[in-house]
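One structure is given below, encoded as C-alpha cells.
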Number of protein chains: 2
Amino acid sequence: MRIVKFAEDLKEFLRSRGVRPSYVRLKVLQYLLTEKTHPTAEEIYRALVSEIPTLSRASVYNALAVLSEAGVVQALTIERHEGRYDAKVGEHGHFQCEVCGRVYDFSVDFGSLRHEALEGFLVKRRDLYFRGICPECQKGGESHGKSG
Amino acid sequence: MRIVKFAEDLKEFLRSRGVRPSYVRLKVLQYLLTEKTHPTAEEIYRALVSEIPTLSRASVYNALAVLSEAGVVQALTIERHEGRYDAKVGEHGHFQCEVCGRVYDFSVDFGSLRHEALEGFLVKRRDLYFRGICPECQKGGESHGKSG
DNA sequence: GTTCCTGCAAAAGCTTTGCAGAAGA
DNA sequence: TCTTCTGCAAAGCTTTTGCAGGAAC
C-alpha cells in the first residue's frame with residue numbers, strides 16, 4: 001500500500017502548492033519523481049500512454065506547464081530542440097552526454113562560485129550545464145543510441 | 001580602412017579554422033562580433049537582409065551551423081524555443097532577463113566552483129545560465145517589450 | 001452546478017532539407 | 001572545371017491553441 005499512500009501524499013502536496021491534483025498531473029509528477037532521467041515531454045507521453053490510452057500530448061504539455069508554474073518541477077534548457085523536465089527543484093548541476101543524450105545530476109555549491117558581480121541584477125534561477133561523454137559511452141565505444 | 005582590414009583578418013581567421021570565408025559566413029560572424037547581444041537566427045537574418053537583399057534564413061542557419069562546428073561561435077541553449085549565438089567562445093556566464101529577453105555576459109571562474117566529482121565523465125563544455133530581471137527592467141517598471 | 005481539465009485536431013514557430021543556379025578554388 | 005555555397009520552397013519537429021465533452025470541487 002506504499003504506492004497508494006504515495007499518491008495520497010502527492011495529492012496533498014499539489015493542493016498545498018495551489019495545483020489541482022488531476023489524474024494526468026499526478027501521473028506526470030509521479031513519473032518524474034520515479035524516473036530520474038530528465039525525460040522530454042514526448043518520453044513522458046510514451047511512458048504514460050500505455051497506462052492511460054486516452055492520453056494526449058497536449059495534456060502532458062499542459063500538466064508540465066502547470067507544474068512548472070507552481071515550482072513543482074523544473075524545465076531544463078539543456079537542449080534547444082526539446083524540453084526536458086526535472087522533479088528535483090533544488091539547485092544542482094546537469095551533465096548531458098553528447099553520445100547517448102542522457103542527463104545526469106550532480107550536486108553543486110553555487111556559493112563557492114566566483115564570478116563578476118551582477119550589481120542591480122535580480123537573480124531568480126541559476127542553471128549549470130556540463131556537456132561531454134559519460135563513463136558508459138567512453139567504455140562502450142560510443143555504441144549507445146540516442147533514443148531511450 | 002579599419003573595416004576592410006578587419007574583414008581581411010576575419011577571412012584569414014576562418015581559413016585557419018578550416019572554414020571557407022564565404023560572404024554570408026563573414027557577415028554573420030562580423031555581426032556576432034559587433035553586436036554582442038546574443039541574437040537569434042531570426043535577428044541575424046533581419047539585420048543582414050537589408051544589406052544582402054537576397055539573403056535567406058536557410059543560409060543564416062547554414063552559416064551558423066558551420067561556424068559552430070568549427071568552434072568559432074557558440075550556440076546557447078538558454079532558451080528552449082529559439083537558439084541564440086555568441087561569438088565569444090571563452091568560458092563565461094550568461095544572464096537572461098525574463099522581462100526584456102536580453103542576454104548579458106559576465107565573467108566566471110569555473111575553477112572556483114565546488115561540485116560533486118564527475119569521475120569518469122569527460123567534460124567538454126560548461127555553461128552557466130542565470131535568469132532574473134536586469135537593472136533596466138527593474139527601474140523601468142518592466143515596460144520593455146521582448147522584441148528587438 | 002460551476003469551474004477547470006482532457007483530448008482531438010489543426011496551427012504556430014523554429015529549424016532542416018532538396019534542388020537548381022551561382023560563386024569560389 | 002569541379003566543388004561548395006546560396007536561396008527558394010516545402011517539410012519536419014516540438015509545442016500551442018480552440019473547442020466540446022467530462023471530471024473535480
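Every chain is numbered from 1, with letters handed out A, B, ... down the list of sequences. The model shown is predicted, which means the values in this text are computed figures rather than measured ones.
- Listed by chain and residue number, R114(A) satisfy the salt bridge (Lys or Arg N to Asp or Glu O under 4.0 Å) test with D109(B) (two or more places apart in sequence, or in another chain).
- Side-chain atoms of T34(A) come within 3.5 Å of backbone atoms of Q30(A) as a donor-acceptor pair (strictly under, hydrogens ignored).
- Residues forming a side chain to side chain contact (heavy atoms under 4.5 Å, CB included) with K88(A) (at least two apart in sequence, or on another chain): D86(A), H92(A), D105(A).
- By the side chain to side chain contact (heavy atoms under 4.5 Å, CB included) test, L122(B) is found to be paired with I133(A), Q138(A), K124(B), residues two or more places apart in sequence or in another chain being considered.
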Chi angles and distances behind the side-chain contact (heavy atoms from CB on, under 4.5 Å) call for R131(B), I78(B) | CA-CA 9 Å; R131(B) 280 166 247 265; I78(B) 200 166; 3.7 Å; yes

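- Nucleotide dG7(D) holds its P atom 14 Å from the CG atom of L64(B), rounded to whole Å.
- Residue pairs meeting the ring pair (Phe, Tyr, Trp, His ring centres under 6.0 Å) criterion with at least one member in residues 11-34 of chain A: none, sequence neighbours excluded.
- Considering only residues two or more places apart in sequence or on other chains, R125(A) meets the salt bridge (Lys or Arg N to Asp or Glu O under 4.0 Å) condition with D127(A).
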Take Y104(B) and H38(B) through the test ring-ring contact (aromatic ring centres under 6.0 Å, His included) and record every step on the way to the result.
-> CA-CA 8 Å; Y104(B) 301 79; H38(B) 314 82; 8.5 Å; no

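- Where DNA chain C meets chain B (any atom under 4.0 Å from a heavy atom), the bounding nucleotides read 5' to 3' are dC14(C) to dA25(C).
- Residues satisfying the side chain to side chain contact (heavy atoms under 4.5 Å, CB included) criterion with V66(A), sequence neighbours excluded, are V19(A), R25(A), N62(A).
- Using a cut-off of 4.0 Å between Lys/Arg side-chain N and Asp/Glu carboxylate O, E12(B) and R15(B) are scored as salt-bridged.
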Candidate pair H115(A) and F130(B), rule ring-ring contact (aromatic ring centres under 6.0 Å, His included), full reasoning | CA-CA 12 Å; H115(A) 62 80; F130(B) 282 17; 5.4 Å; yes

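- Residues of residues 66-76 of chain B that place a heavy atom closer than 4.0 Å to DNA chain D do not occur.
- Listed by chain and number, the residues in a salt bridge (Lys or Arg N to Asp or Glu O under 4.0 Å) with E51(A) are K27(A) (sequence neighbours excluded).
- Contact check of residues 44-58 of chain B against DNA chain C (heavy atom, cut-off under 4.0 Å) returns A58(B).
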For residues 67-74 of chain A, dump all side-chain donor-acceptor pairs below 3.5 Å to protein atoms at least two apart in sequence or in another chain.
from   : atom 1 : to     : atom 2 : distance (Å)
S68(A) : OG     : L64(A) : O      : 2.9

Report all interatomic pairs (protein N or O, nucleotide N or O of nucleotides 19-25 of chain D) with separations under 3.5 Å.
from    : atom 1 : to     : atom 2 : distance (Å)
dC25(D) : OP1    : R15(A) : NH1    : 3.2

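- As rounded to whole Å, 16 Å separates atom C1' of dT14(D) from atom CG of N62(A).
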